[in-house]
Amino acid sequence: MNAPVTGILNIEQIREQFPVLNQQVNGKPLVYFDNAATNQKPLSVINALVDYYTGYNANIHRGIHTLAEKATRAFEDTRQSVKAFINASSEEEVIFVRGVTEAINLVAATYGRAFIKAGDEIIISGLEHHSNIVPWQMLCEEKQAVLKVIPVLENGELDLEVFKKLVSEKTKIVSVNHASNSLGTINPVKEIIEVAHSVGAVAVIDGAQAGAHLEIDVQSLNCDFYCLSAHKMYGPTGAGILYGKKELLEKMPPYQGGGEMIKEVTFEKTTYNNLPYKFEAGTPNIADVVAFNYAIRFINQLGKENIAAHEHELLSYATERISTLKDVKLIGTAKNKVGVLSFIIDGVHPFDIGQMLDARGVAVRTGHHCTQPLMEHFGIEGTVRASFAVYNTRNEVDSLVEGLDRIIKFML
Ligand code: PMP
């Protein structure tokens, strides 16, 4: 069972680093295909959390005692690793947040509040997660600005021709995902950023589904903001980053007020701290940020291109096998995809499919995947989504397909 799929990675050995995978669910070996929601954590990440709390838990930046210095160093080491991971030009451009949701809300609440005026336009796409829709809607409501949407083509790719017509000198922000969580579509973000810049808009990239799968070079992309969640990159929940170009971060007002983000406080006036601390009010999520570093090391050690190749192989295999099943319709057939396979089966509700697969130990996600407008576009309530990570195998895909085959025979 579980033989390595691609030459370079030894999947068996990788799986040993993920104890959670080694269990039975409903009497069957667990097949975890809900990686786009959150992926599992290797021992190095789990141990980093235990080591932090058992060895050097202390509040950071302010303390001069040994534990505080050790914790501060570990926290700031992660910032250095993230800087290298995304090729930011300075660690001042890496701000720790809870995840992509908070990163986008930060941009909307600071850059947006400061620079968006009535009549300005913000462009998102029809592929966006609610966290890249709602903060912009809230901003538009507050500022009497206008939200525009890049349409989605039948195969799940964005209609770039329409996008090029949508942009104008009124466009101030363009915010799209690097890859879609519902369909897997990899968006041509470099081109989208260029178009945004051609009219003087800033470009925000939601990298939630890219972090563990796609090369990210913020300087080469030339994006203005880039958002990541650690928990979708083999790291802990509750930690993530907002990358922002220094010159933009400098001119943005702070996000929250409190400790850490200040230089000096009097009752008359407060001066704000330097970057990145200006945006990091209060005690941060120290343990999870420290452990995030180990997740980055895990990805770097395997090599993102090897991870992507393995997942791509699984995606191709799963797509081919699932397509042969009766009454299955794939939703999202873009040319370039991350390892996300969304589908529906005529006559069976996605929720029922999810429950029946769970009874066989197979964990998939069902529903709208926080992309209700996208589901509406396809005229469906939701899909069944299997999403792959580096530890998944062909045998696991076979279990999914066998399960679906049984469901179809039983239900239809
Ligand atoms: N954008 C996309 C494309 C996502 O997949 C997700 C998580 N499902 C988010 C944003 C939100 O990320 P988080 O919940 O980690 O803030």
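Whatever order the structure lists ligands and atoms in, that order sets their numbers, starting from 1.
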For this session: Could you check His197 against Asp224 for side-chain hydrogen bond (donor to acceptor under 3.5 Å, both in side chains), going step by step and ending with a plain yes or no?
Result: CA-CA 10 Å; His197 287 169; Asp224 300 287; 2.7 Å; yes
Exercise. Taking both backbone and side-chain atoms of Asn177, is any N or O found less than 3.5 Å from an N or O belonging to ligand 1?
Worked result: no
Problem set entry | Heavy-atom neighbours of Lys170 NZ exceed 12 at 6.0 Å | no
Exercise. Among the heavy atoms of His369, does any lie under 4.0 Å from an atom of ligand 1?
Worked result: no
For this session: Classify the ring geometry between Phe75 and His61 as parallel (under 30°), tilted (30 to 60°) or perpendicular (over 60°).
Result: perpendicular
Exercise. So, does Lys232 sit close enough to ligand 1 that a heavy atom of it is under 4.0 Å from the ligand?
Worked result: yes
Problem set entry | Ligand-residue contact atoms, ligand 1 with Ser131, heavy atoms, under 4.0 Å | 1 (N), 9 (C), 10 (C), 11 (C)
Exercise. Counting only heavy atoms, which portion of His231 has something under 4.0 Å from ligand 1: side chain, backbone, both, or neither?
Worked result: side chain
Exercise. Is Lys337 salt-bridged to Glu157, going by a charged N under 4.0 Å from an acidic O?
Worked result: no
For this session: Would you indicate whether Arg360, at its atom CZ, is surrounded by more than 12 heavy atoms from other residues, nucleotides or ligands within a distance under 6.0 Å?
Result: yes
Problem set entry | CZ/Arg62: more than 12 non-hydrogen atoms of other groups inside 6.0 Å | yes
Problem set entry | Whether over 12 other heavy atoms sit under 6.0 Å from Glu381 CD | no
Exercise. What is the nearest protein non-hydrogen atom to atom 1 (N) of ligand 1, stated with its residue, atom name and distance?
Worked result: Asp206 OD2, 2.5 Å
Exercise. For ligand 1, is Asn132 a contact, meaning one of its heavy atoms is under 4.0 Å away?
Worked result: no
For this session: Identify, by atom number and element, the atoms of ligand 1 in contact range of Gln209, meaning under 4.0 Å from any of its heavy atoms.
Result: 3 (C), 4 (C), 5 (O)
Problem set entry | Which of the ligand 1 atoms, numbered from 1, are nearer than 4.0 Å to a heavy atom of Ser229 | 12 (O), 13 (P), 15 (O), 16 (O)
For this session: Please confirm whether Thr101 comes within less than 3.5 Å of ligand 1 when only nitrogen or oxygen atoms on both sides are compared.
Result: yes
